[in-house]
Amino acid sequence: MIDEALREISRGSAEVIDDERIHKLVKAYVEEGKNYTVKCGFDPTAPDLHLGHTVLLHKLATFQKYGGVVQFLIGNFTATIGDPTGKNVTRKVLSQEDIEKNIVSYTTQAFKILDESKTKIVYNKEWLEELGAIGMLSLASNLTVARMLERDDFSKRYSSNTPIAVSEFMYPLLQGYDSVHLQSDIEIGGTDQKFNLLMGRQLQKAYDIKKQQAVLMMPILEGLDGVQKMSKSLGNYIAVADESNDMFGKVLSISDDLMWRYYELLSDKSLDEIATMKNGVEDGSLHPKKVKEDLALEITARFHSADAAQNAKAEFERVHAKSQIPTDIAEFSCDGEIWIAKALVDCNIEPSTSQARRDIKQGAVKINQEKVSDIQLQLGAGEYVLQVGKRKFAKLKVK
RNA sequence: GGUGGGAUAGUCAAGUGGCCAACGACGGCAGACUGUAAAUCUGCUCCCUAUGGGUUCAGAGGUUCGACUCCUCUUCCCACCA
């Protein structure tokens, strides 16, 4: 039991600091039913979670299975500073209203994965606001400028003369102080958070907390392109709130290599099952497409439902394998005859008539499955299914 | 505070009076091939019913038949010195 728990806990992790502590905590739970706390901080800087975030949520859910009580920390105070991690520019400061809004959508999405009964939502504004100038100064005395500048992102920015706000220096300290206040037993985060996570340990020691938190770091999930990290700004993400059809399609569009990574970090399948599949693909007894489909089904089912996932799969096959038209297409209508290029723009499947012309020239545009070659084409009264490329569709009614 | 250098399309980056809607790279889109994968090859990549027209090269003026290119001012960024 303990071994299995530890194996699941360390699954996919990039680095664990003080795994002895984790071992003891899990053992105490299994043998004596004692709970422990696992902290994980989220910045409410964006309203939508994507699968990259869920890597951590999954890990938290695993801990919940084995006695962990999750301290779901909302950084509503630190969000006003902006985490400098991995940024090459100072982050924008968010307004209070935006933060409030983000918090609501954040937590509802998070509870699709987390067990609500074993989760405590905490806001660091509660204690950080009270800290005051004096508390802040004494907190800051725990860290030297030299050490701060050792940080990769800071040193890069410093040497490339990108401005660093002094307030950004405070960020790791405040995050560390959260661990002091919450007396966390374990904190998890992405590998890019290492500095901040270790700060928690250092400060817990400085503030005389008896035990320092163990730290478990998860790798950063690559986005759909398989190279850069999944992020909204890069547009290579799968959002938790994505439609089931989109979600299914997006998962299927990842590369075969990336698929294994997603399995490790996002799937509920056991490590043994995954290894078996991998062997199957390697010796040719299992088609990689099938394996990827299973992954897409699993992920879609998690955020929607098993039925929705099956429908998405059927839909996908209709549209792509048999190159038929999807069942659910946005509909538009217009009065009187309309020029094809204009129609495509009006239906939001082309950004400009210029682009529409180009695509028509290249044979990317279809009406009712028929390739269009005439740029001048006028659409008279009737109903049409317009298509650009493989995935953009629209229905148009011309009166 | 002083002295130099710079700002070009999504990003990087050529262009230093007309041949410029602007080389190239990356990204993106589309086509072929596939498993809507990867890899590869090809085309496109400011807007406009368009063998033409319009608006662009930080901003505002000016010189010129003509300016991304020259001059003046403004804003922002960078380097070196203080």
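Heavy-atom basis, side chains included; hydrogens, waters and symmetry copies ignored.
Between the S267(A) side chain and the E264(A) main chain, no donor and acceptor come within less than 3.5 Å of each other. The backbone N or O of F111(A) lies less than 3.5 Å from no partner atom in the side chain of E116(A), so there is not a single donor-acceptor pair. Using a distance-only test at 3.5 Å, with no hydrogens or angles considered, no donor-acceptor pair links the side chain of Q213(A) to the main chain of I186(A). For D294(A) (side chain) and V291(A) (main-chain N/O), no donor-acceptor pair under 3.5 Å exists by modelled atom type.
A 3.5 Å limit on both hydrogen-bonding distances identifies rU42(B) as the Watson-Crick or G-U partner of rA30(B). Across all strands shown, rC73(B) forms a Watson-Crick or G-U wobble pair, both distances under 3.5 Å, with rG59(B). Nucleotide rC65(B) forms a pair with rG18(B), judged by Watson-Crick or G-U wobble geometry with both contacts under 3.5 Å. Nucleotide rU3(B): paired with rA79(B) (Watson-Crick or G-U wobble, both distances less than 3.5 Å). Using the Watson-Crick or G-U wobble rule with both distances under 3.5 Å, rA37(B) pairs with nothing in any strand shown. Pair check for rA50(B) finds none; no Watson-Crick or G-U wobble contact set falls under 3.5 Å.
If you take CG of D225(A) and P of rC26(B), they are 16 Å apart, rounded to a whole angstrom. Rounded to an integer number of Å, the gap from CZ of R318(A) to C1' of rG35(B) is 19 Å. Counting to the nearest Å, the C1' atom of rG31(B) and the NZ atom of K392(A) are 14 Å from each other. Per the geometry, NE2 belonging to H320(A) stands 15 Å off P belonging to rG35(B), to the nearest Å. The separation between Y262(A) atom OH and rA37(B) atom P is 15 Å, rounded to whole Å. Look at CD1 on I360(A): it is 13 Å from C1' on rA30(B), rounded to the nearest Å. Separating the NZ atom of K366(A) from the C1' atom of rG31(B) is a distance of 11 Å, rounded to the nearest angstrom. As a whole-Å value, the separation of D257(A) CG from rA37(B) C1' is 10 Å.
Taking the C1' atom of each, rC57(B) and rA14(B) are spaced 12 Å apart, rounded to whole Å. To the nearest whole angstrom, the two P atoms, one in rG62(B) and one in rA67(B), are 12 Å apart. The gap from the C1' atom of rG54(B) to that of rU72(B) amounts to 29 Å, rounded to the nearest Å. For the C1' atom pair drawn from rC12(B) and rC23(B), the interatomic distance equals 14 Å after rounding to whole Å. Going from the C1' atom of rC46(B) to that of rC20(B) covers 14 Å, rounded to whole Å. Taking atom P in both rC68(B) and rA22(B), one finds a spacing of 13 Å when rounded to whole Å. Between the C1' atoms of rU8(B) and rU3(B), the separation comes to 26 Å (whole Å). Taking the C1' atom of each, rU75(B) and rG24(B) are spaced 31 Å apart, rounded to whole Å.
Between Y207(A) and Y177(A), the ring center distance clears the sub-6.0 Å criterion.
In this structure, CD in Q387(A) is found 7.0 Å from CD1 in I325(A), a value given to the nearest 0.5 Å. One finds the CG atom of L114(A) at 12.0 Å from the CD atom of Q109(A) (value rounded to the nearest 0.5 Å). Interatomic distance, F332(A) CZ to L386(A) CG, rounded to the nearest 0.5 Å: 9.5 Å.
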Between protein and nucleic acid, restricted to nucleotides 47-52 of chain B and to nitrogen or oxygen atoms under 3.5 Å apart, what atom pairs and distances do you find?
residue, atom, partner, partner atom, Å
rC47(B), OP1, S352(A), OG, 3.0
rC47(B), OP2, R358(A), NH2, 2.9
rC48(B), OP1, T353(A), N, 3.2
rC48(B), OP1, T353(A), OG1, 3.4
rC48(B), OP2, S352(A), OG, 3.4
rC48(B), OP2, T353(A), N, 3.0
rC48(B), OP2, T353(A), OG1, 3.0
rC48(B), OP2, S354(A), N, 2.8
rC48(B), OP2, S354(A), OG, 2.9
rC48(B), O5', T353(A), OG1, 3.2
rU49(B), OP2, T353(A), OG1, 2.8
rU49(B), O2, Q376(A), OE1, 2.9
rU49(B), N3, Q378(A), NE2, 3.2
rU49(B), O4, Q378(A), OE1, 3.3
rU49(B), O4, Q378(A), NE2, 2.9
rA50(B), N6, S354(A), OG, 3.4
rA50(B), N6, R357(A), NE, 3.3
rA50(B), N1, R357(A), NE, 2.8
rA50(B), N3, R357(A), NH1, 3.4

Check nucleotides 40-43 of chain B for protein N or O atoms closer than 3.5 Å to its own N or O atoms and list the pairs.
residue, atom, partner, partner atom, Å
rG43(B), N2, Q362(A), OE1, 3.2
rG43(B), N2, Q362(A), NE2, 3.2
rG43(B), N3, Q362(A), OE1, 2.8

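The residue K292(A) sits close to a base: some heavy atom pair falls under 4.0 Å. Residue-level contact check: I254(A) touches the backbone only, with heavy atoms under 4.0 Å from sugar-phosphate atoms and none from bases.
In this structure, the side chains of D185(A) and K211(A) stay at 4.5 Å or more apart for every pair of heavy atoms.
The residue among G363(A) and K250(A) whose nearest nucleotide of RNA chain B is located toward the 5' end is G363(A).
Its side chain outside the 4.5 Å cluster rule for every partner, V104(A) clusters with none of the Ile, Leu, Val, Met, Phe, Trp and Tyr residues.
Using the six-membered ring where Trp is involved, Y237(A) and H50(A) have ring planes that are tilted, between 30° and 60° apart.
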